[in-house]
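Protein chains get the first letters and strands the later ones, always in sequence-line order, with residue 1 at the start of each.
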There are 2 protein chains.
Amino acid sequence: MSAPSVTIGEASRATGVSAKMIRYYEETGLLGPAERTASGYRVYSEGDLHALRFVRRARDLGFSMREIADLLALWHDRSRASAAVKAVALDHVADLRRRIGELEAMARSLEHLAERCCGDDRPDCPILDDLAGGAEIR
Amino acid sequence: MSAPSVTIGEASRATGVSAKMIRYYEETGLLGPAERTASGYRVYSEGDLHALRFVRRARDLGFSMREIADLLALWHDRSRASAAVKAVALDHVADLRRRIGELEAMARSLEHLAERCCGDDRPDCPILDDLAGGAEIR
DNA sequence: TCTTGACCTTCCCACGATGGGAAGGCCCAT
DNA sequence: ATGGGCCTTCCCATCGTGGGAAGGTCAAGA
């Protein structure tokens, strides 16, 4: 029932966030300063671990640290409007979709070039031709 | 007919690669050291501009500098097998597809959560609920 | 009690690719 | 000759992450 008060290494193992990153999150203010033992060791409560898991999950979903800071503030604000959270999430989805579109365009261009490249021992290669003169040729 | 011998600023405007990046490419060895005037200014020939456009196009296609170094070497090797180029390109496509898949998974998860979030003035929010306890709840 | 090994601390450095900016030199046109 | 626009090098920042050194701490076993 009492807070477990684990060290940074145990917190890392319990949350999947590296000790390095836990310190970094503290240093940059994403998370508040951790409690310390008399000898200076950082100590984490169950609530701290909860926050670390929150951050980890948000990173897994591709949120930036800036966005995570916003989400954490909303999480701690019990009277937040769900609309505010949804807005952050949908902004992020739009960003993801934009990046997906860029990567898709690259992949399609390259696949198109690769299709036309016979890929044998001969030196002729439409891929290099495109890179070397792309703008002029098409 | 003669090589135009332009300055770095003109080379930048002619190729769309910033002067900063041209110097960086030289510093890291992606491109050979540029010719210099007596006073130390870098000087670029038409062949140099061609290489810069090659790099720019490859960057536009998302190739890393490491991959571009490989592609430049293949470009300069007139007896290369097109298969080698195709292999680099298809490796890169696979990498792009993998990254697209990751972003897609994030976007879909978030869209799924956002759908279930009514997004009004009330504080209840499945998005935050997922972040706060994701692993346990689903 | 002493040692040993695992842990913690802070501090610095690196990545990849890009941009910002300062301090100082160069070149050309007026 | 002077001014403005260009060039040079050098350092710093980004973002999120990892590596590693130097030194302190803690618990377990001899």
Side-chain angles (χ1 to χ4, degrees), chain A residues 4-31 33-45 48-49 52 54-72 92 95-96 98-99 102-103 106, chain B residues 4-31 33-44 48 52 54-72 91-92 95-96 99 102-103 106:
Chain A
S5 289
V6 295
T7 63
I8 199 171
E10 289 162 325
S12 172
R13 262 161 270 142
T15 62
V17 181
S18 73
K20 282 275 192 196
M21 291 313 298
I22 296 175
R23 291 191 197 99
Y24 177 70
Y25 293 153
E26 176 179 338
E27 184 194 324
T28 57
L30 184 70
L31 301 175
E35 295 294 311
R36 302 281 186 137
T37 65
S39 57
Y41 281 23
R42 286 177 180 81
V43 167
Y44 296 90
S45 68
D48 294 332
L49 299 186
L52 282 170
F54 183 104
V55 172
R56 168 120 167 61
R57 174 87 178 123
R59 295 266 341 124
D60 286 347
L61 287 170
F63 285 102
S64 68
M65 285 184 55
R66 179 75 180 87
E67 289 168 321
I68 295 175
D70 294 347
L71 291 171
L72 280 169
H92 180 51
D95 192 46
L96 290 171
R98 185 186 50 72
R99 285 154 61 193
E102 289 172 3
L103 297 182
M106 293 177 192
Chain B
S5 289
V6 294
T7 64
I8 199 171
E10 290 163 323
S12 172
R13 263 162 269 142
T15 62
V17 181
S18 74
K20 281 274 191 199
M21 290 314 297
I22 297 175
R23 291 192 196 99
Y24 176 69
Y25 293 153
E26 176 180 336
E27 184 193 324
T28 58
L30 184 69
L31 301 175
E35 296 293 312
R36 302 281 186 138
T37 64
S39 56
Y41 281 25
R42 287 177 180 81
V43 167
Y44 296 90
D48 295 332
L52 281 170
F54 183 103
V55 172
R56 169 122 168 57
R57 175 86 178 123
R59 297 270 335 127
D60 286 348
L61 287 170
F63 284 102
S64 68
M65 287 184 53
R66 180 72 177 90
E67 289 169 321
I68 295 175
D70 294 346
L71 290 171
L72 280 169
D91 271 7
H92 180 50
D95 192 47
L96 289 170
R99 284 153 63 193
E102 289 172 4
L103 296 181
M106 293 177 192

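The local environment of CD in A:E35 is sparse, with at most 12 non-hydrogen atoms from other residues, nucleotides or ligands closer than 6.0 Å.
Dashed line: the shortest gap from a side-chain N or O of A:S18 to OP1 or OP2 of D:dG18 is under 4.0 Å. One finds a side-chain N or O of A:R59 lying less than 4.0 angstrom from the OP1 or OP2 phosphate oxygen of D:dG16. Close to D:dT25, at under 4.0 Å from its OP1 or OP2, lies no side-chain N or O of A:T37. OP1 and OP2 of C:dG16 both lie 4.0 Å or more from every side-chain N or O belonging to B:Y25. Contact between the side-chain N/O atoms of B:Y41 and the OP1/OP2 oxygens of D:dT9 is not found at any separation under 4.0 Å. Listed pair B:T7 / D:dC6 fails the phosphate criterion, with no side-chain N or O lying under 4.0 Å from OP1 or OP2. Close to D:dC7, at under 4.0 Å from its OP1 or OP2, lies no side-chain N or O of B:R42.
When rounded to the nearest whole Å, the span between CD of B:E67 and C1' of C:dA17 equals 14 Å. Going from atom CZ of B:R23 over to atom P of D:dC7 covers 7 Å, rounded to whole Å. Distance CZ (B:R36) to P (D:dC7): 12 Å, rounded to an integer number of Å. Rounded to an integer number of Å, the gap from B:I8 CD1 to D:dC6 P is 13 Å. The distance from atom CE of B:M65 to atom C1' of C:dA14 is 15 Å, rounded to the nearest whole Å. Rounded to whole Å, the distance from OH on B:Y24 to P on C:dG16 is 6 Å. One interatomic measurement links the two molecules: CD of A:E26 to C1' of C:dC11, which rounds to 15 Å at whole-angstrom precision. In this entry the distance linking CD1 of A:I22 with P of C:dC7 reads 14 Å, nearest Å.
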Decide side chain to side chain contact (heavy atoms under 4.5 Å, CB included) for B:L31 and B:L52; before the verdict, give the C-alpha distance in whole Å, the side-chain angles of both, and the deciding distance to 0.1 Å. CA-CA 9 Å; B:L31 301 175; B:L52 281 170; 3.5 Å; yes
Quick one, B:I68 with B:L72, criterion side chain to side chain contact (heavy atoms under 4.5 Å, CB included). Give me CA distance, side-chain angles, the key distance, then yes/no. CA-CA 6 Å; B:I68 295 175; B:L72 280 169; 4.1 Å; yes
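Looking at the side chain of A:K20, the nearest of the listed nucleotides C:dC8, D:dT9, C:dC12 is C:dC12. For B:S39, the side-chain atoms get nearest to C:dC27 when compared with the rest of C:dC8, C:dA17, C:dC27. Between D:dT17, C:dA17, D:dG20, one nucleotide has an atom nearer to the side chain of A:M21 than all others, and that is D:dT17.
Within 4.0 Å of A:R66, counting heavy atoms only, lies no atom of the nucleic acid at all.
Ion pair A:R98/A:D95 flagged as a salt bridge, since at least one NZ, NE, NH1 or NH2 atom sits closer than 4.0 Å to an Asp/Glu carboxylate oxygen.
Contact of the A:R42 side chain with the A:R23 side chain is registered, since non-hydrogen atoms from C-beta on lie closer than 4.5 Å.
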